[in-house]
Each structure stands twice: as structure tokens, then as C-alpha cells.
Amino acid sequence: MAEILTLKNIECRYNDHLAVAGLSMHVNTGNIVCLLGPSGCGKTTVLRAIAGFHPLDTGEILLNGRRVSYPGFTLPPEKRRLGMVFQDNALFPHLNVADNVGFGLRGMNGEQKASVVKNVLDMVGLAGLGNRFPHELSGGQQQRVALARALAPQPDLILLDEPFSNLDIELRERLSSEVRDILKRQGTTAVLVTHDQHEAFALGDVVGVMHEGRLLQWDTPYNLYHEPNCRFVADFIGQGVFLNGTLLAPDTVETEIGVYQGNRAYQWGKGTRVEILLRPDDIVPDPASPLKGEVTQKAFKGAEILYTLRLESGLKVLSLFPSHADHCIGERVGIRVQADHLVAFPRVEGPKQKREAVIN
Ligand code: ADP
């Protein structure tokens with residue numbers, strides 16, 4: 001597959017402040033990639049650098065093999081053949097939907113323009129709404145118009161900056177998967193930035209997790225969840241708790257609740273103090289198990305219930321049970337750790353160790 005976008009070791013500053021540090025990534029044609037990270041980690045700056053709104057202090061950006069940014073040179077945004085969709089979709093309030101969508105279409109006569117606008121509105125599910133004005137549309141519809149406007153000129157690459165963050169959760173989830181379908185159907189390449197992992201997972205073929213200007217892991221959603229490469233990613237992605245343990249063998253850890261063997265070997269020596277990550281799906285119900293947890297909280301999720309369970313030692317763990325296994329607060333239930341993906345990190349001693357996960 002052809003590489004459409006390449007970032008090589010880029011660095012971006014705001015005066016003295018290093019916002020993006022030594023970041024490299026590449027995007028193949030037709031792929032959707034997401035940059036995910038907490039607010040302030042540098043995601044938007046990377047997107048602005050790709051768009052040509054922010055210069056590079058180090059490194060280079062290539063679009064279709066052409067150097068479009070390097071220190072001292074930034075090809076202007078309008079020459080990059082990119083589509084952009086931002087959080088505040090910035091539709092022109094005085095133009096109707098069709099004129100908003102057709103705004104960037106140059107070198108076409110009225111008829112050609114109308115045909116492109118009609119096709120793209122059909123594609124985003126807004127057929128027949130061309131005469132409406134932005135204020136006559138819902139938030140989700142407005143975001144679809146913004147997407148249609150970005151897609152209409154058939155850009156090589158489309159950039160999306162937190163496009164759904166102003167929408168309510170339900171709509172956000174629905175629109176994320178709809179937008180993925182639309183982009184995939186068109187074969188459009190896209191880079192999305194978001195702080196919302198559900199959005200990143202719903203849209204991205206590959207997701208890059210950023211922290212303090214750096215890209216920590218560039219991977220599939222599955223691997224980010226099950227094989228995080230550092231503690232930050234383990235903590236930031238998904239839910240879970242960290243449990244102290246000691247390495248007995250490269251693939252075996254002894255903890256206060258048992259000895260667990262995973263499917264990977266760690267290089268740290270025997271006796272290394274580690275933390276293992278326990279996801280809610282690593283802890284499964286087992287009435288016959290001697291390991292018991294007391295239900296302290298429960299959250300109904302439809303097909304499953306997420307329980308917070310207090311173990312004898314006081315440690316709290318999270319566990320997903322099928323929803324028909326309905327237990328009351330205070331009840332003691334049998335559990336078993338099923339940790340094939342045993343994820344361990346060397347323990348960093350300190351007061352800030354997180355013993356409990358926050359339930360979102
Ligand atoms: P994110 O999109 O992940 O929230 P940004 O790329 O917007 O992060 O910002 C990265 C860092 O750069 C932050 O520390 C932010 O405060 C800083 N920053 C962003 N824009 C500016 C600016 N115009 N002037 C100075 N600092 C900025």
C-alpha cells in the first residue's frame with residue numbers, strides 16, 4: 001500500500017515550549033489513523049503541522065512523497081489538497097447546506113457542482129436537506145455537513161480534530177462508526193485527533209497514544225488494550241487496576257492473590273518487583289474459586305455488569321460479569337484471574353501508586 005503521509009522526527013515549539021518532540025509516523029492510502037491523548041499532549045499541534053498551519057523546528061513532513069514541511073519551509077495549507085473537519089464545524093451561517101458543501105469546489109460549472117454536492121450529501125445521509133440553513137439542523141447533522149464539505153473536493157487526505165466532541169455520547173458513538181463507514185467506502189485516508197478513546201477505537205485502524213509531546217505507542221486498538229507498552233498507555237487506555245507482584249520466572253508473577261503465568265517473557269531478573277495490569281475482563285466469575293471479592297459497586301452495562309470487588313487484602317479490582325449474574329452490594333462472589341495477556345511493568349515505588357481504578 002502506498003504511503004501518503006510521513007512525519008519524520010518532527011518537533012514543534014511555541015516559543016520556548018516544546019509541544020511536539022521527536023514524533024515519527026506514517027499513514028498508508030485508505031487508512032484511518034487516530035492520535036489519542038489527554039488534553040495538552042500535542043495532538044492538535046501535530047494536526048496543524050500536517051495541515052501546514054504550524055512550522056517545524058526539526059524533522060520533515062512528506063505528502064505523497066513530496067516534502068511539504070521542514071525547518072524554514074511550510075507549504076501553505078491551500079496547496080496541500082487536504083480536507084479538514086474541526087470541533088466547531090464553522091459552517092457559514094448565511095449559506096444553505098448545498099452552498100456550504102459546494103464552497104470549496106473550484107473550476108466547476110453550476111451543474112457539475114450541483115451534482116457533486118448531491119452525491120456527497122447522499123453519502124453522508126443528508127439527501128434532500130441542501131436548502132436548509134445550518135441553524136435548522138441538529139448538531140449531528142451539522143457535523144455531517146462539515147464532513148461533506150471536506151469530502152466534496154475529493155482530497156488526498158482528510159484531517160479531523162475532535163469532530164464529535166460537541167455532541168452527546170450516544171450520537172458521538174453512532175456518528176463515529178458512520179463516519180468510519182463513509183470514509184472506508186470512499187477509500188479516503190484520514191487522520192483524526194481525539195482525547196476520547198471510544199472515538200479513536202471506533203474510527204481508527206491504527207491509534208497512536210501521545211503524552212507530553214511524544215508518541216508512546218502506535219498500534220491497533222486491540223494491542224493498545226491488551227499489550228500496552230508502558231504504564232501510561234496501560235493506565236490511559238481502558239479500565240483496570242495495578243496489582244503488586246514479584247517476578248518468579250520470565251513469564252510468571254507472584255501476587256497477593258496467586259501466582260500467574262502469562263504468554264510473554266519479561267527480561268527483568270527473578271525477584272524484580274513489578275505491577276501487573278488487571279483489566280475487568282481478566283477477572284471472571286467462578287463460584288467454586290477460593291478467591292472471593294465483596295461487591296462494593298456495580299454498574300449495569302446492558303449485556304454485562306461491571307463490578308467493583310474488594311478482596312480480603314483491601315485491594316479493589318474491577319470485573320465484568322454477564323448481566324444475568326446479578327449480585328447485590330455487600331455480597332461475596334467467587335472470582336478467578338484469567339490473565340493470558342499478563343502485562344507487567346517494573347514497580348515505581350512512591351506515594352502516588354494507584355491502587356484503585358476510577359469507574360467512568
Ligand atoms: P492537545 O491538542 O493535545 O490538547 P495542543 O497541541 O493544543 O494539545 O497543545 C500542546 C501544548 O502546546 C500544550 O502544552 C499547550 O498549552 C501548548 N500550546 C498550544 N497552543 C499554543 C499557543 N498558541 N501558544 C503557546 N502554547 C500553546
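Read the numbers this way: they start at 1 and go in the same order the structure lists the ligands and their atoms. Quick caveat: nothing in here was measured; it's all calculated off a predicted structure.
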I would like to know whether H211 and F236 meet ring pair (Phe, Tyr, Trp, His ring centres under 6.0 Å); could you show each step before the answer? CA-CA 10 Å; H211 179 51; F236 186 71; 8.5 Å; no

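Near ligand 1, Y14, H17, A19, P38, S39, G40, C41, G42, K43, T44, T45 each place a heavy atom less than 4.0 angstrom from the ligand.
Among pairs with a residue in residues 97-124, those fulfilling ring-ring contact (aromatic ring centres under 6.0 Å, His included) read F92-F103, at least two apart in sequence or across chains.
Other members of a hydrophobic cluster containing L18 are absent, since no ILVMFWY side chain comes under 4.5 Å of it, directly or through relayed contacts.
A distance-only check finds no donor-acceptor pair linking the side chain of R180 to the backbone of I32 [under 3.5 Å].
Contacts of V233 classified as side chain to side chain contact (heavy atoms under 4.5 Å, CB included), with partners at least two apart in sequence or in another chain: V209, L216, Q217, L224, P228, N229, C230, I237.
Geometrically, R67 does not engage F73 in a cation-pi contact, judged by NZ or CZ lying under 6.0 Å from the ring centre and within 45° of the ring axis.
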